[in-house]
Amino acid sequence: MSWFWFSIIALLCWSGSDFFSKIGCRDPKDKYSQYKMVIAVGVVMGAHALYEIFVGGVEISWAVIWTYLPVSLLYIGSMTLGYVGLRYIELSISSPICNASGALVAVIAIVTGTAEPMAAPQYLAIVLACAGVIGLGFVEAGEDDELRAARQEASNFKYAKSWLALALPIAYCLLDAAGTFADDLVLETLNEDSANVAYELTFLAAGVVAFLYTCVIKKQKLVPKMELPKYIGAGFETAGQLAYIYALASGESALAAPIIASYCMVSVLWSRLFLKEKLSWKHYVCIFVTFAGIVIMGVYDM
């Protein structure tokens, strides 16, 4: 299978993960939905890790797990905060903010002096992505309550204007960027397949902790009908990661990266078509600016 089809699969899977995770976490009455989502992802990733070890022959050791642990915790922490955020804000807004982490990684690299010399369009991409996210924040904070209620009427889910609604996807962006930056450093000493298995096993451990807290300590029930979207989302997340690895391993990363990076826009499309989320024109302008920055960065991602 060519890099193009792996890229399309990664795009569809990761946008599908966004969509089903949103369905699984958006119930405002279930304050433990984010932990249940962690359980689902832990189960699916843990199963895949075991397959990689016993069938794929990937080597793993405690030394690898401990070495990669800080990176794993940053990624798991960011995803957990992202799941919490899906209860408070539209997916159409959350996904572009979360996906701006790539621009933040570039900013961190520039500030710390570890960045390689970049072309002018790459600096423009960083500015666009950051400006778009900041713009989304101002649009959200300044939107009239009556206009917000009117545009949210079709989706049957009302999201109140609050600092927490924006803080959570921004926190995801910060932690994911830190994880990506640390990932680049740690992978200089680790095999990529082993590191990925270490990450999945750590997520399995996080899922066990989440299960003990949610179902044993808090005595919450896991209702199959309510949990199904979470497991579908977890499956898409894991499949998207595999397709992403194969797409970039093809040697055509300069072509594959911008296609995969555009998955947040597909998430916006799914949320508009199926979740009936409706945004103002100001929201869409900021999302487009963020998307433009992400795609430009993808074009130069070698």
Is the number of heavy atoms from other residues, nucleotides or ligands under 6.0 Å of Tyr231 OH greater than 12?
yes
Determine the minimum heavy-atom distance between Ile294 and Cys264, stating which atoms define it.
CD1-SG, 4.1 Å
dist Arg272:CZ -> Tyr284:OH (nearest 0.5 Å) comes out at 5.0 Å
Would you check, one step at a time, whether the test side chain to side chain contact (heavy atoms under 4.5 Å, CB included) holds for Ile60 with Leu201?
CA-CA 10 Å; Ile60 190 68; Leu201 290 176; 4.2 Å; yes
Any side-chain heavy-atom pair of Asp176 and Leu74 under 4.5 Å
no
Nearest non-hydrogen partners of Val38 and Ala210, listed with the distance:
CG1-CB, 4.1 Å
Is the shortest side-chain N to carboxylate O distance from Asp30 to Lys36 below 4.0 Å?
yes
Ser267 side chain to Tyr263 main-chain N or O, any donor-acceptor pair under 3.5 Å?
yes
Spacing of CD1 belonging to Ile93 relative to SG belonging to Cys286, to within rounding of 0.5 Å:
9.5 Å
Could you check whether any side-chain N or O of Gln220 sits under 3.5 Å from a backbone N or O of Lys218, counting only pairs where one atom can act as donor and the other as acceptor?
yes
Tell me if a side-chain donor or acceptor on Lys230 pairs with a main-chain N or O of Gly24 at a distance below 3.5 Å.
yes
For residues Pro169 and Ser94, report the shortest heavy-atom separation together with the two atoms involved.
CB-OG, 4.0 Å
Would you say Tyr75 and Thr180 make side-chain contact, with heavy atoms under 4.5 Å?
yes
Apply the side-chain contact (heavy atoms from CB on, under 4.5 Å) test between Leu166 and each candidate in Leu136, Ile89, Val133; give the one that qualifies.
Ile89
So, do Asp193 and Glu59 sit near enough that their side-chain heavy atoms are less than 4.5 Å apart?
no
Kindly determine whether Phe236 and Phe19 satisfy side chain to side chain contact (heavy atoms under 4.5 Å, CB included), including the steps that lead there.
CA-CA 10 Å; Phe236 275 128; Phe19 176 71; over 6 Å; no
Relative to each other, are the rings of Phe203 and Tyr199 parallel, tilted or perpendicular (30° and 60° limits)?
perpendicular
How far does CG of Leu91 sit from CD of Glu277, to the nearest 0.5 angstrom?
5.5 Å
Same cluster or not: are Phe20 and Val223 linked, directly or through other Ile, Leu, Val, Met, Phe, Trp or Tyr residues, by side-chain heavy atoms under 4.5 angstrom apart?
no
Can you tell me if Tyr51 has over 12 outside heavy atoms packed within less than 6.0 Å of its OH?
no
Determine whether Tyr172 and Val41 fall in the same hydrophobic cluster, where Ile, Leu, Val, Met, Phe, Trp and Tyr are linked whenever their side-chain heavy atoms lie under 4.5 Å apart.
yes
Non-hydrogen atoms of Ala10 and Ala243 that approach each other most closely:
N-CB, 3.7 Å
With the 4.5 Å side-chain cut-off for hydrophobic clustering, are Val186 and Val197 part of the same group?
yes
How long is the span from the OG atom in Ser15 to the CE atom in Met265, to the nearest 0.5 Å?
12.0 Å
Could you tell me whether the side chains of Asp18 and Ser95 share a donor-acceptor contact shorter than 3.5 Å?
yes
On a heavy-atom basis, which atom in Ser92 and which in Val268 lie closest, and how many Å separate them?
O-CG2, 3.7 Å
With the 4.5 Å side-chain cut-off for hydrophobic clustering, are Ile217 and Met37 part of the same group?
no
Separation of Ile232 CD1 from Ile23 CD1 (nearest 0.5 Å)
8.0 Å
Quick check: do Arg87 and Lys31 have side-chain heavy atoms less than 4.5 Å from each other?
yes
When you compare the side chains of Tyr68 and Asn196, does any donor N or O come within less than 3.5 Å of an acceptor on the partner?
no
Shortest non-hydrogen contact between Pro121 and Ile296, atoms and distance
O-CG2, 3.3 Å
Heavy-atom count around Phe288 CZ within 6.0 Å, excluding the residue itself: above 12?
no
Give the cluster check for Phe54 versus Ile65: same hydrophobic cluster or not, with ILVMFWY residues linked at side-chain heavy-atom distances below 4.5 Å.
yes
Tell me, yes or no, whether the heavy-atom count around Tyr35 atom OH, taken from other residues, nucleotides or ligands under 6.0 Å, exceeds 12.
no
Side chain of Glu227, backbone of Pro224: donor and acceptor closer than 3.5 Å?
no
Any non-hydrogen side-chain atom of Ser271 less than 4.5 Å from a side-chain atom of Lys22?
no
Sidechain-backbone polar pair: Thr214 side chain, Phe211 backbone, donor-acceptor under 3.5 Å:
no
Say you draw a straight line from CE of Met45 to CD of Gln241; how long is it, rounded to the nearest 0.5 Å?
7.0 Å
Just so I know, are the side chains of Leu86 and Arg26 near enough to count as touching, which here means a heavy-atom distance under 4.5 Å?
no
Apply the test side chain to side chain contact (heavy atoms under 4.5 Å, CB included) to residues Cys13 and Glu237: give CA-CA distance (whole Å), side-chain angles for both, the deciding distance (0.1 Å), then the verdict.
CA-CA 6 Å; Cys13 285; Glu237 176 68 28; over 6 Å; no
